[in-house]
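First comes the structure, then the notes that go with it.
Just so you know, these numbers come straight off a predicted model, no measurement behind them.
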Amino acid sequence: MTPIRGRELLHENNTKRLLSMIYSQQPISRVAMARALHLNKSTVSALYNELDEQGFVQMVGAGDSTNVGGRKPVLITINGRHGYLLSFDIGFNHLHIMANYFDGRVAFFHRIPTRGETIQQIISRIDTAIHEAADTLQTDQGLLGLCFSIHGIVDQETIINSPFIDMGDVDLVHDFTEKYQVPVVLENEANLAAIYERDFGQHTDTQNILVVSIHKGIGAGIILDNRLYRGTGGMAGEIGRSLLFTANDLTGQAVVEKKVEDYCSEDAIIDQIKALKHLDTLGRDEVVALYQAHDPATVATIHAFTQAIAKIIFNVATTLAPQTVCLNSPLIEAIPELLTKIQTAAQRLQIKQPISLTENTHYATLLGACSLLLRHVLDIADYQLTLRH
């Protein structure tokens, strides 16, 4: 490596370290950054000036002076109005849309029913949302990037498997890059929930996190040594596809292979209650109402669900040994006491890790998408990033 190239790499690394620190600790003074990064003040000032010229940062006033007096330090923050990012969670029943300013703050969130719509109809809704954001969000640079949350397997910006929505021959990355000329990224929904916990959530200081996402299926987002673990072909975390092991497997009798999510996903629980109650239709809200009314069939089914989720946590936590386990589940969020039941069952199984509920499950995946997209746009994938919304 030439000395010139070495200096360029050092400069690039210092710039990214500075940007990461401003995001994570804003508002912050240049003096504090120089001290924390072990850089001299003139270097920090020069790096700040470059970020300022790009429109990434701004001054927001003065902080407290030192004990011995003197001038108050100028405080620096990320310039939220530099631009905005759009994220879309393409679910089976709904399209969730979030816009975030450059500093991570939520500009808006929409939830649009899409049950029964084709992917082309959903894409039309996405295009409408992109155009509406351009008309309503006033920023310096406009749209900076797009992220799509997929309830399926994603590898190298390609959808490998989409079990709940027929994607046809749609190539989201290619099509939307061509259409809007901005960076476009894809990621699995559970992985984005894990990124949320690392960068936005309750566990920003935790290096190893397991997020169990319970929706139409069951998946796991895995943070190991502060990095998202995707596994070969993006297959890591597909815990809902694990096969159940029964006595028939040992006797040689004919066995119909059943997956964990066939019994323990939110949709599976709803289907079980629907069958027990002889109902044609049933949704989450109705299940919550039946549970709160102490309907015997619903209470028994939900109890079995909590015990099964504790066993799933035991199996995955035994394999990965995370520091903490988070549950991303709208059903558990709607009935908070289920978390206590799962925690109690986990204690009986001698699970050592604390188990918590992801806050604001509708937001979590899209906030994770915002963080992933910001890291991609700024090329700071391997740097600490603590965000607020």
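- Partners of E132 under the side-chain contact (heavy atoms from CB on, under 4.5 Å) rule, at least two apart in sequence or in another chain, are T128.
- Applying the side-chain contact (heavy atoms from CB on, under 4.5 Å) rule to A297 yields the partners L276, K277, D295; only residues at least two apart in sequence or on another chain are considered.
- Under the 4.5 angstrom side-chain criterion for Ile, Leu, Val, Met, Phe, Trp and Tyr, the cluster partners of M235 are I153, I160.
- Between H96 and F109, a ring centre-to-centre spacing shorter than 6.0 Å is recorded.
- Remark: E117 pairs with T114, Q121, I122, R125 by the side-chain contact (heavy atoms from CB on, under 4.5 Å) rule, at least two apart or across chains.
- Pairs engaging residues 182-216 under the ring-ring contact (aromatic ring centres under 6.0 Å, His included) rule: F200-H389 [sequence neighbours left out].
- Using a 4.5 Å cut-off on side-chain heavy atoms (C-beta onward), I222 and V316 make no contact.
- Judged by the 6.0 Å distance and 45° axis criteria, K179 is positioned over the aromatic ring of F176.
- Among residues two or more places apart in sequence or in another chain, the ring-ring contact (aromatic ring centres under 6.0 Å, His included) test is passed with Y48 by none.
- Residues satisfying the ring-ring contact (aromatic ring centres under 6.0 Å, His included) test with Y84, not counting sequence neighbours, are none.
- Aromatic pair H303/F305: centroids not less than 6.0 angstrom apart.
- Among pairs with a residue in residues 158-170, none fulfils side-chain hydrogen bond (donor to acceptor under 3.5 Å, both in side chains), at least two apart in sequence or across chains.
- When the ring-ring contact (aromatic ring centres under 6.0 Å, His included) test is applied to F164, no partner is found at least two apart in sequence or on another chain.
- Summarising the local packing, CG of D140 is surrounded by more than 12 heavy atoms from other residues, nucleotides or ligands at distances under 6.0 Å.
- Partners of F56 under the ring-ring contact (aromatic ring centres under 6.0 Å, His included) rule, at least two apart in sequence or in another chain, are H82, F102.
- By the side-chain contact (heavy atoms from CB on, under 4.5 Å) test, V288 pairs with R284, Q292, L331, A334, I335, sequence neighbours left out.
- With sequence neighbours left out, the side chain to side chain donor-acceptor pair (under 3.5 Å) criterion links Y383 to N13.
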